[in-house]
Amino acid sequence: MSESKDFLRVKVEEDLKKGKYSEIITRFPPEPNGFPHIGHAKSICINFGIARDYQGHCNLRMDDTNPTKEDTKYVEALKDAVQWLGFDWGNNVHFTSDYFPKIYDYAITLIKMGKAYVDSINEEEMREFRGTVKSAGKRSKYAKRSIEENLELFSKMRKGEFKDGSHVLRAKIDMSAANMKLRDPLLYRIRHSHHFRTKDEWCIYPMYDFAHCLSDYIEGVSHSICTLEFENNRDIYNWVLDTLELKAPRPFQHEFARLGINYTVMSKRKLLELVEAKVVSGWDDPRLPTIAGYKRRGYTKESILNFCDQIGIAKANSMVDVSQLEFCIRDDLNKKVPRVMCVLDPLKVTIENYEGIEEIDASYYPHDVPKEGSRKLPFSSEIFIEREDFMENPPKGYFRLTKNQAVRLRHGYIITFKDLIKDESGKIIEIKANYHADSKSGSDSSCVKVKSAIQWVSAAQAKKVEVRVYDRLFKNEAPQGIEDINENSLQIIKTALIEPAVINDKINTRFQFERQGYFYADPIDYTDEKPVFNKIVGLKDSWTKKTNTFKSTEKIVNKKAQIDGEITAMNKEQQDLFDKYTNELKLNTEVANILARDEKLSSFYEETLVLLSSPISLANMVANEVARELKEKEIKELKFTAKQISKLVKMLDDELISSKIAKQVFEEMIKEGQDPTKIVEDKGLIQISDPAKILPIIDEIMTNNADNVAKFKAGNKKLLGFFIGQVLKKTAGKANPKVVNELVLKQLQ
Ligand code: ATP
Ligand code: MG
């Protein structure tokens with residue numbers, strides 16, 4: 001348990017101190033309508049974690065009250081996830097459907113108390129009668145039915161005498177309650193469908209609000225922990241238990257913020273869409289945020305548990321950066337897994353002055369990992385290196401093999417270029433080289449200078465493997481669904497070559513492929529004849545939010561990455577720039593690092609600085625947007641100039657445009673080389689700051705979201721973000737967020 005306690009544990013301890021409960025009982029209550037995702041992992045860690053920390057118990061309960069969507073295969077997936085994360089639910093899994101008879105009896109009790117009635121109005125009337133936040137609702141005429149009539153109708157509902165939707169059972173609470181959830185909520189509905197457990201025994205099913213609190217009570221739960229969107233349901237939860245006068249100790253509901261991660265969707269409904277549309281290979285596709293997906297990709301349970309621990313438990317919803325999860329897996333594997341060599345895009349190298357074959361004893365772990373282990377690495381005159389580790393016409397700063405620059409073969413010898421062979425198309429198909437016999441790694445007495453070491457495999461002994469390289473499944477940070485899929489999220493490399501020790505290793509399934517990342521032997525498709533590896537994660541964080549460009553930073557940093565995945569020291573010039581950027585210009589170290597290490601970027605940045613004294617905004621624009629362009633181009637090939645970039649940044653600084661719009665303008669600048677001021681004018685992208693223009697939009701949103709207005713007024717201040725988001729959406733990002741914030745707050749008073 002971490003040092004400072006979260007608010008849930010504080011509450012649990014308070015309750016224990018007061019003697020409210022003799023045992024802490026929690027539950028994890030998923031609906032078996034999909035595979036669990038990383039959000040569920042958070043809930044699992046909270047519920048099972050609290051039970052463990054206070055020597056209590058946590059039930060695994062399937063909340064199976066919706067027969068049309070549920071299935072045993074999901075039950076199995078849920079069990080598997082909980083088990084894999086290392087938690088134990090005891091002897092049996094619970095099911096809400098096991099309590100259907102009891103819940104039905106509680107409904108009868110409510111009817112007898114005059115607290116529930118059978119309503120027979122249609123859906124449209126029901127919506128209309130509910131009223132709005134500003135106006136009270138109206139009770140249906142059927143609310144006047146006598147207890148006897150209600151009992152009879154409810155019994156007929158249960159017997160199957162009515163069709164779906166013709167009647168419902170409602171609690172008689174208050175049609176003018178400020179909390180709209182309390183306006184006579186539904187308790188039961190008719191559903192003539194087959195339930196995967198109770199088969200056709202029931203044709204009425206209890207609603208979540210009725211079933212959940214009662215299931216908690218029946219199981220003796222003390223703390224019913226759920227996510228924030230159930231905040232307003234808490235009143236019903238209490239109403240049901242209080243009205244039925246259920247004896248203490250009774251459960252109480254507590255809410256925490258649900259986990260959201262960028263670049264993915266996280267609702268079972270949306271995940272199901274992807275599975276059904278076959279844009280992924282199944283619920284365990286390694287690109288999905290499902291537990292089964294992470295498992296198949298090669299994530300360890302420790303990394304997931306660590307992540308859940310790191311993000312903590314809060315009362316405000318927030319978005320967690322996916323790089324935080326990646327950090328956790330990298331951090332876990334860094335010290336655990338052997339480092340081996342695999343060449344993804346092989347280029348043949350013939351070492352002309354070497355004869356025979358030798359076996360090099362090569363350590364599996366770098367010096368700072370407190371683990372022992374090594375393997376035999378065959379070396380011969382014919383090897384393969386990574387195609388990109390040789391360049392005929394290298395740019396400045398290229399540290400690998402060139403015509404004039406020797407390179408070290410990791411764990412082996414230094415080689416020098418002699419000749420190259422091309423095919424008719426001009427593609428290099430072979431390199432001829434010499435090796436330096438006195439340069440063997442560990443006992444190097446040669447005077448040959450190298451700037452880096454590269455991975456390689458011996459041709460005769462290397463094994464062909466398939467490598468599946470995964471990228472983000474979605475193109476944008478807050479994807480809606482299928483429409484935002486990244487078409488290039490899976491790259492299958494069929495010609496990779498790996499050193500033989502990996503295939504013969506019967507213990508390890510996860511490896512670091514040096515300079516490439518961490519990989520996992522696919523638990524389903526891997527065979528000795530056709531080995532398949534999944535890329536778990538790269539060696540470096542490639543996606544941090546601050547440097548918001550698709551992969552650009554990975555490229556920039558990796559270029560300089562040495563064999564251990566460590567970054568080479570900066571040269572004097574780079575170091576001076578870095579110091580200036582961080583000390584004088586106050587850039588954050590990450591941005592400063594990107595700029596200082598890349599000559600093209602830093603010179604472009606320096607050019608903009610002369611034109612506009614806004615070092616931080618400019619640096620962000622250059623390290624992100626401009627960097628992406630300069631990845632493949634030279635400065636003189638760019639469509640835009642430093643002057644134009646400084647104009648764009650100036651508009652941003654002056655709040656003439658929002659940062660979202662700035663990105664959009666930049667996209668235009670890349671294409672046409674048009675002046676940013678002109679783009680903004682032509683497209684009418686000027687930020688809207690005039691309250692007279694924003695207010696009507698806010699009013700409309702408030703009318704359409706009366707529920708949320710009520711919640712906000714009732715104290716749920718977190719909904720502020722919701723309203724602001726809606727206004728920004730409505731204005732295509734043009735509304736000035738600051739002004740919107742002020743106005744929304746004023747209107748909601
Ligand atoms: P989804 O929208 O993904 O279907 P859900 O909330 O409907 O999720 P349930 O199966 O009802 O899924 O959830 C089981 C438990 O897991 C609930 O207590 C729920 O609050 C919790 N949970 C679901 N999603 C998250 C999340 N993203 N972060 C934290 N807890 C979550
Ligand atoms: Mg749900």
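Whatever order the structure lists ligands and atoms in, that order sets their numbers, starting from 1. This chain uses plain numbering: 1 for the first residue, then up along the sequence. Bear in mind the structure is a predicted one, so any value in this text is a computation, not a measurement.
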*If a pair satisfies side chain to side chain donor-acceptor pair (under 3.5 Å) and one of its residues is in residues 18-28, list it, with sequence neighbours excluded.*
Arg27-His212, Arg27-Asp216, Arg27-Ser224

*Give the atoms of ligand 1, by number and element, whose distance to some non-hydrogen atom of Ser43 is under 4.0 Å.*
15 (C), 16 (O), 18 (O), 21 (C), 30 (N)

*Considering the heavy atoms of Pro29, write down every atom of ligand 1 situated less than 4.0 Å from one of them.*
14 (C), 18 (O)

_Contact (N/O only, under 3.5 Å) between His37 and ligand 1_ = yes

_Side chain, backbone, both or neither: the part of Pro36 lying under 4.0 Å from ligand 1 by heavy atom_ = neither

*Quick one: which of Lys102, Arg61, Arg250 gives a salt bridge (Lys or Arg N to Asp or Glu O under 4.0 Å) with Glu219?*
Arg61

*Which heavy atom of Arg472 sits nearest a heavy atom of Asn486, and at what distance?*
O-ND2, 2.9 Å

*State, with a plain yes or no, whether a side-chain heavy atom of Leu8 is found less than 4.5 Å away from one of His223.*
no

*For atom 12 (O) of ligand 1, state which one of Met62, Glu31, His40 supplies the nearest heavy atom.*
His40

*Between Phe28 and ligand 1, find which residue part has any heavy-atom pair under 4.0 Å and reply side chain, backbone, both or neither.*
side chain

_Classify the ring geometry of Tyr74 against Phe35: parallel below 30°, tilted from 30° to 60°, perpendicular beyond 60°._
perpendicular

_Exercise: identify the closest heavy-atom pair between Arg287 and Val280_ = NH2-CA, 3.8 Å

*With Trp202, which of Tyr99, Tyr104, Tyr188 fulfils ring pair (Phe, Tyr, Trp, His ring centres under 6.0 Å)?*
Tyr104

_Glu229 versus ligand 1: do any nitrogen or oxygen atoms come within less than 3.5 Å of each other?_
no

*Should Leu259 be counted as touching ligand 1, given the test is an N or O pair under 3.5 Å?*
yes

*Any N or O of Phe256 that comes nearer than 3.5 Å to an N or O of ligand 1?*
no

*Of all heavy-atom pairs between Asp64 and His195, which one has the smallest distance, and what is that distance?*
O-NE2, 2.8 Å

_If I apply the N/O under 3.5 Å rule, does Thr227 come out as touching ligand 1?_
yes

*With atom 8 (O) of ligand 1 as the reference point, say which of Met266, Arg258, Arg269 has the nearest heavy atom.*
Arg258

